Amino acid sequence: MDFKIGAIDTCMPINGDIANVPTNKAVTIQNSTIPFNSPDSTLGRHLARRLVQIGVTDVFSVPGDFNLTLLDHLVAEPELNLIGCCNELNAGYAADGYARARGIGACVVTFTVGGLSIVNAIAGAYSENLPLICIVGGPNSNDYGTNRILHHTIGLHDFSQELRCFQTVTCYQAVLNNLDDAHELIDTAISTSLKESKPVYISVGCNLPGIPHPTFSREPVPFSLSPRLSNMMGLEAAVEAAAEFLNTAVKPVLVGGQNMRVAKACDTFVELADSCGYAVAVMPAAKGLVPEHHPHFLGTYWGAVSTTFCAEIVGSADAYLFAGPIFNDYSSVGYSLLLKKEKAIIVQPDRVTIGNGPAFGCVLMRDFLSALAKRLKHNPTSYENYHRIYVPDGLPLKCEPKEALRVNVLFQHIQSILTGESAVIAETGDSWFNCQKLKLPQGCGYEFQMQYGSIGWSVGATLGYAQAAPEKRVIACIGDGSFQVTAQDISTMLRCGQRTIIFLINNGGYTIEVEIHDGPYNVIKNWNYTGLVDAIHNGEGKCWTTKVYCEEELVEAIETTNGAKKDCLCFIEVIVHKDDTSKELLEWGSRVSAANSRPPNPQ
């Protein structure tokens, strides 16, 4: 007998052109039974099938003795590709990047030594609201509750340290040390990750994955998660109050924030922008969530380092609607935004606050924005004001022949190669600011990790994103200091046959930290970066590297990446002056420094 189950409504990726593997159509499955005691009626196979069902086709892993049996079952799943990474931190970053493109990611490591190594990456995914399944091969089930001391632990009889560490950076934790409830715990963990859009932790006893059990004797039925619903009375009241607030304003604006992703409200935000005619901007971490070809798009609102004329229009508005903002010290440029609470409507994934009040709970962002679009008067005043004062950006000064390459010239050329088949990954550092100024063509992906800001994130994230979206050519902009943290997984990119373009910006140190607070600790040992990548390549896979010192060499290198080496991993080391930074970093660094150095409040 066949029957139908509605497929999972997973988190849409930033770039709407990249489809989730689970569709919104019903899924027809066979009502099949696997005989008990069959080699297939196991925890390991169930977990592998569950990952495939939710759209995970690649799992990032590092083997260790506690997870080896589980890895056997993941390898045996024909629709699952197990990707071995060089270390656990990069495996976690890769799952993070994968989740950004595919809607969910997964990684597998071993107990404690692997778990505590990956926890930093999981914390970053938690801060960015990414669904991620972190699976750890745990101790033998017989060792729980005994007085034994295990290897890969800190030598105590209580070996729950790893679990306690994960409790603060995951939304659900499942410890599988009994087959009777393992089915329930696995399904609860995965469904919770999808519902909460956060990482979860699953520890699997090392002796359990291959043992048949009756609960696994059927093909797992795909999830059908009930959609979250708004309180309709609250929704109507919120829309009425917001419409009155905005329709009486003279020059209101819309600003998108990063929580639009978790709220699955990017499309309804654009619907609202189309309807009301307001000027539209995004906060820095929301770049890529709103199409930049929208006729009323201003650019990035980032206080003193905003896109030219954007801050002036937002700051002078008499009303602003912020959809999904996070006002931290980085996004507010050291708490220096010139915004007034009484002028703002703040829309979070399930809450709306209007001015100094009222506030409405249990109102979903996507429902609110869609309903509000039907109630607002068309008012293009703020965009018309922008159009009147707008002066096009100038071009960088033309380089003299063989003149040392400047960063602004580099990004001018990066801009020229962006297409709808590209995706940009910006590493923490000056690339944040230079990549913000890129104008994204329709369909071009964009990712960076602003809330957590962990240097080195981009190497693993590039690996994961490129694996999840093979139709995209990823362009990663990485500083030398960040690259030194996580460089090894260039190796994994080569093993996977990826064709990413990496621009390694070599300026001899941690430039972003120099602009916040300089010191000798911000200077790093210079590496021969192309030599390192060549050594990792070692004749296996498709790889091309080059160093560029001037614009002529850069132009030639870019032509090569899009020509003869278009199917290769291309690594371009760009040599620039140590003080060559964007003007935005100079401004932002001084303001963040001032915020960091505030004296203690009087006691």
Side-chain angles (χ1 to χ4, degrees), residues 14-15 18 60 85-86 89-90 93-98 100-101 121 124 287-288 407 410-411 413-419 421-438 440 444-450 453-494 496-507 511-512 529-530 532-533 536-537 542-548 554 557-558 561-562 565-566 568-574 576:
I14 272 201
N15 185 337
I18 302 174
F60 302 93
C85 296
C86 297
L89 180 61
N90 274 338
Y93 287 153
D96 172 310
Y98 193 93
R100 291 167 184 266
K287 185 176 178 68
V407 171
L410 165 65
F411 279 89
H413 286 282
I414 292 176
Q415 176 70 69
S416 70
I417 62 174
L418 295 184
T419 69
E421 286 73 49
S422 305
V424 177
I425 304 289
E427 175 59 81
T428 301
D430 199 23
S431 291
W432 274 6
F433 304 93
N434 288 305
C435 289
Q436 280 289 329
K437 292 183 280 190
L438 295 172
L440 304 181
C444 181
Y446 186 91
E447 296 292 344
F448 79 127
Q449 192 197 51
M450 186 168 190
S454 182
I455 66 168
W457 161 85
S458 65
V459 176
T462 295
L463 165 64
Y465 193 105
Q467 195 65 23
E471 72 279 10
K472 297 284 185 184
R473 193 166 195 195
V474 177
I475 298 171
C477 301
I478 309 176
D480 50 351
S482 297
F483 185 73
Q484 289 193 5
V485 178
T486 50
Q488 304 98 308
D489 271 281
I490 293 286
S491 172
T492 313
M493 297 179 195
L494 289 169
C496 294
Q498 295 180 0
R499 54 193 182 95
T500 295
I501 303 172
I502 296 175
F503 289 95
L504 187 287
I505 302 166
N506 184 349
N507 55 13
T511 302
I512 189 170
Y529 294 97
T530 54
L532 174 66
V533 174
I536 292 172
H537 174 213
K542 295 181 179 180
C543 181
W544 179 74
T545 66
T546 189
K547 276 183 169 68
V548 299
L554 175 65
I558 288 176
T561 64
N562 289 324
K565 302 298 181 181
K566 65 181 180 181
C568 296
L569 176 72
C570 295
F571 185 89
I572 303 174
E573 181 180 348
V574 183
V576 297

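Sequence positions, counted from 1, serve as the residue numbers for this chain. This is a predicted model, so every value here is computed, not measured.
- Between Y98 and Y93, the ring centre distance reaches or exceeds 6.0 Å.
- The two atoms that bring L438 and K287 nearest to each other are O-NZ, 2.7 Å, heavy atoms only.
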Could you walk me through whether F411 and F433 pass the ring pair (Phe, Tyr, Trp, His ring centres under 6.0 Å) test, one step at a time? CA-CA 11 Å; F411 279 89; F433 304 93; over 10 Å; no
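- Taken from CG in L463 to CD in Q467, the straight-line distance is 7.0 Å, to the nearest 0.5 Å.
- We find the CD1-CD1 distance between I501 and I425 to be 13.0 Å, quoted to the nearest 0.5 Å.
- The side chain to side chain contact (heavy atoms under 4.5 Å, CB included) test applied to E421 returns T419, not counting sequence neighbours.
- By the 4.5 Å heavy-atom criterion applied to side chains, Q488 and N90 are counted as neighbours.
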Ring pair (Phe, Tyr, Trp, His ring centres under 6.0 Å) between W432 and F448, worked out: CA-CA 8 Å; W432 274 6; F448 79 127; 5.6 Å; yes
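- Contacts of K437 classified as salt bridge (charged side-chain N to carboxylate O under 4.0 Å, His left out), with partners at least two apart in sequence or in another chain: E584.
- V574 is listed as a side-chain neighbour of V576, based on a closest heavy-atom distance under 4.5 Å.
- Between H537 and T545 there is no side-chain heavy-atom pair separated by less than 4.5 Å.
- Applying the side chain to side chain donor-acceptor pair (under 3.5 Å) definition to pairs two or more places apart or across chains, those involving residues 475-487 are Q484-Y529.
- Residues I505 and F483 are not in side-chain contact: their nearest non-hydrogen atoms beyond the backbone lie 4.5 Å or more apart.
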